[in-house]
Amino acid sequence: QVQLVESGGGSVQAGGSLRLSCAASGYTSSTYSMAWFRQAPRNDREWVAIIWPGDYVPAYNAAVKGRFTLSRDNAKNTLTLQMNSLKPEDTAMYYCAAGLGKVPFLARSFPYWGQGTQVTVSS
């Protein structure tokens with residue numbers, strides 16, 4: 001069974017930084033698309049960043065572009081999201097997701113999900 005374990009969430013003041021990590025097991029990470037999504041209370045789940053197999057060039061939601069950086073380590077089978085210049089509107093539950101092959105950045109395209117890690121940004 002594919003398992004995704006997230007860590008790194010917490011509370012930070014506006015302008016601060018956090019680094020989220022996702023450890024994957026049960027599959028070959030290099031053949032999967034991997035992404036971060038987030039969901040605030042009463043809001044729909046939205047994509048944050050995604051990286052596809054092969055070229056490993058990430059794509060970013062316009063809301064976080066220039067502030068967040070996505071990377072993966074295939075040897076360690078981990079995915080990381082470096083979040084800088086955090087804003088209160090970044091407050092949400094963040095989820096790691098995975099899907100076989102190159103898939104669109106839609107939540108319904110990802111069959112595997114982590115448990116979520118809470119990120120809270122205070123003004």
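Here the structure is a predicted model, which means the values were calculated and not measured.
- Considering only residues two or more places apart in sequence or on other chains, F105 meets the ring pair (Phe, Tyr, Trp, His ring centres under 6.0 Å) condition with W47.
- Using a distance-only test at 3.5 Å, with no hydrogens or angles considered, no donor-acceptor pair links the side chain of N61 to the main chain of V64.
- Residue-environment remark: CG (D44) stays at or below the threshold of 12 foreign heavy atoms within 6.0 Å.
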Worksheet item: Checking side chain to side chain donor-acceptor pair (under 3.5 Å) for the pair T80/S21: CA distance, chi angles, key distance, verdict?
Response: CA-CA 4 Å; T80 63; S21 297; over 6 Å; no
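- The closest side-chain heavy-atom distance from L81 to V48 is below 4.5 Å.
- Closest non-hydrogen pair, L18 versus L86, comes out as N-CD1, 3.9 Å.
- No more than 12 heavy-atom neighbours from other residues, nucleotides or ligands sit within 6.0 angstrom of CD on Q13.
- Judged as a side-chain hydrogen bond (donor to acceptor under 3.5 Å, both in side chains), not a single pair has a partner in residues 104-115 (not counting sequence neighbours).
- By the 6.0 Å and 45° rule, R45 stacks over the aromatic ring of Y95.
- For F110, the ring pair (Phe, Tyr, Trp, His ring centres under 6.0 Å) partners at least two apart in sequence or on another chain are F37.
- Between M34 and L4, some side-chain heavy-atom pair lies under the 4.5 Å cut-off.
- Looking only at distances, no side-chain donor or acceptor of T78 sits under 3.5 Å from a matching main-chain atom of C22.
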Worksheet entry | Steps toward side chain to side chain donor-acceptor pair (under 3.5 Å) verdict (N84, S17) | CA-CA 4 Å; N84 298 325; S17 300; 2.9 Å; yes
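- A donor-acceptor pair is defined here as one N or O able to donate and one able to accept, closer than 3.5 Å; such a pair exists between the side chain of N77 and the backbone of A24.
- Although no hydrogens or angles enter the test, the distance criterion places a donor-acceptor pair under 3.5 Å between the side chain of T91 and the main chain of V121.
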